[in-house]
Amino acid sequence: MVSVVQNVAIDCVNAYELARFWSEVTGRPLHPEDEPGMAETQVMMAEGPMLYFHQVPEPKKGKNRLHLCLRPETSREEEVERLLALGATLVADLRDPDGSGWAVLADPEGNEFCVLRSESDRAATAS
């Protein structure tokens, strides 16, 4: 017997607004019944676990022990710029001159996530 991951739960101060941000990041819709002010919302992923946002009274403290890693369809640099325009902030730039590495960003509530190289970025730097 095994367990199946149903969702990735993200504690937050404003569940609906943070879910809207992640809906824009992933290009996936919110659950059709979700509305502003709801304490629980979901981003409906095409496959794999849902992103589940649960409103809690306390703000985030410290570094995430679990985070999402994103592999963009466009270049890593284009995706980082798009996410910054959506409201993310750059936490650490770990991109190397040879094209390897990643960028660590934070969502509007400070939850860190990584933007990895796209498949086309990886192919362009393959030896």
Side-chain angles (χ1 to χ4, degrees):
M1 295 236 170
V2 299
S3 294
V4 175
V5 176
Q6 175 65 36
N7 61 49
V8 175
I10 301 166
D11 289 351
C12 54
V13 174
N14 187 324
Y16 184 80
E17 288 303 316
L18 196 57
R20 281 187 36 173
F21 170 82
W22 281 99
S23 175
E24 289 290 324
V25 168
T26 62
R28 300 300 305 161
L30 296 177
H31 188 280
E33 296 176 6
D34 289 349
E35 297 178 356
M38 295 183 78
E40 298 178 2
T41 58
Q42 295 182 74
V43 175
M44 310 299 290
M45 303 305 290
E47 52 189 62
M50 302 295 171
L51 296 181
Y52 170 82
F53 299 86
H54 179 247
Q55 208 158 292
V56 296
E58 67 278 351
K60 177 187 174 295
K61 294 179 183 163
K63 185 179 184 300
N64 294 10
R65 297 291 297 204
L66 174 74
H67 66 266
L68 303 177
C69 292
L70 307 177
R71 184 164 317 276
E73 293 176 348
T74 62
S75 76
R76 178 186 56 210
E77 279 60 37
E78 289 174 316
E79 186 66 353
V80 167
E81 291 306 314
R82 184 181 80 87
L83 299 175
L84 292 172
L86 288 175
T89 55
L90 183 64
V91 173
D93 191 342
L94 303 174
R95 296 174 281 189
D96 296 319
D98 69 357
S100 62
W102 59 91
V104 181
L105 278 66
D107 69 21
E109 290 201 14
N111 301 300
E112 295 95 359
F113 61 96
C114 295
V115 181
L116 308 174
R117 293 184 295 165
S118 67
E119 290 301 327
S120 61
D121 290 336
R122 293 168 58 89
T125 59
S127 309

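Computed from heavy atoms alone, side chains included, the values below leave out hydrogens, waters and symmetry copies.
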Next on the checklist: In the structure I gave you, are the side-chain heavy atoms of Val91 and Leu105 within less than 4.5 Å of one another anywhere?
Outcome noted: no

Checklist entry - Would Leu86 and Met45 show up in the same hydrophobic cluster when neighbours are defined by side-chain heavy atoms closer than 4.5 Å? => result yes

Item to check | Within residues 25-42 or reaching into it, pairs that qualify as salt bridge (charged side-chain N to carboxylate O under 4.0 Å, His left out) - sequence neighbours excluded | outcome: none

Checklist entry - Distance from Arg82 atom CZ to Ser75 atom OG, nearest 0.5 Å? => result 11.5 Å

Checklist entry - Does a salt bridge link Glu79 with Arg76, judged by any charged N lying under 4.0 Å from a carboxylate O? => result no

Checklist entry - Side-chain contact, heavy-atom cut-off 4.5 Å: Pro108 with Leu18? => result yes

Checklist entry - CD of Glu58: more than 12 outside heavy atoms within 6.0 angstrom? => result yes

Item to check | Approximate separation, where rounding is to 0.5 Å, of Asp121 CG and Thr74 OG1 | outcome: 8.0 Å

Checklist entry - Taking atom CE of Met50 and atom CE of Met44, what is their separation to the nearest 0.5 Å? => result 3.5 Å

Next on the checklist: Can you pull out every salt bridge (charged side-chain N to carboxylate O under 4.0 Å, His left out) where at least one residue sits in residues 86-108? Sequence neighbours excluded, please.
Outcome noted: Glu77-Arg95, Asp93-Arg95

Next on the checklist: If I compare all heavy atoms of Ala106 with all of Phe113, which pair ends up nearest, and what's the gap?
Outcome noted: C-CE2, 3.6 Å

Checklist entry - Is there a donor-acceptor contact under 3.5 Å from the side chain of Glu112 to the main chain of Asn64? => result yes

Item to check | Close side-chain approach of Glu109 to Asn14, heavy-atom, < 4.5 Å | outcome: yes

Checklist outcome for this item: Taken to the nearest 0.5 Å, the spacing of Leu30 CG from Ser23 OG works out to 4.5 Å

Item to check | pair Leu83-Val80: side-chain heavy atoms closer than 4.5 Å | outcome: no

Item to check | OG-CG distance between Ser118 and Leu70, expressed to the nearest 0.5 angstrom | outcome: 12.5 Å

Checklist entry - How long is the gap from OG1 on Thr89 to CG on Leu84, to the nearest 0.5 Å? => result 8.0 Å

Item to check | Check: Arg71 and Arg122 side chains under 4.5 Å, non-hydrogen atoms | outcome: yes

Checklist entry - How about Asp11 and Lys60: do any of their side-chain heavy atoms sit closer than 4.5 Å? => result no

Checklist entry - Looking at residues at least two apart in the chain, or sitting in another chain, which of them share a ring-ring contact (aromatic ring centres under 6.0 Å, His included) with Tyr16? => result none

Item to check | Cluster overlap Met38 with Val43, hydrophobic side-chain contacts below 4.5 Å | outcome: no

Item to check | Test item: His67 and Asn111 side chains (from C-beta on) under 4.5 Å apart, heavy atoms | outcome: no

Checklist entry - Is there a path from Leu90 to Val25 through hydrophobic residues (I, L, V, M, F, W, Y) whose side chains come within less than 4.5 Å of each other? => result yes

Checklist entry - Would Trp22 and Val8 show up in the same hydrophobic cluster when neighbours are defined by side-chain heavy atoms closer than 4.5 Å? => result yes

Next on the checklist: With clusters defined by side-chain heavy atoms of hydrophobic residues (ILVMFWY) lying less than 4.5 Å apart, directly or transitively, does Phe21 cluster with Val13?
Outcome noted: no

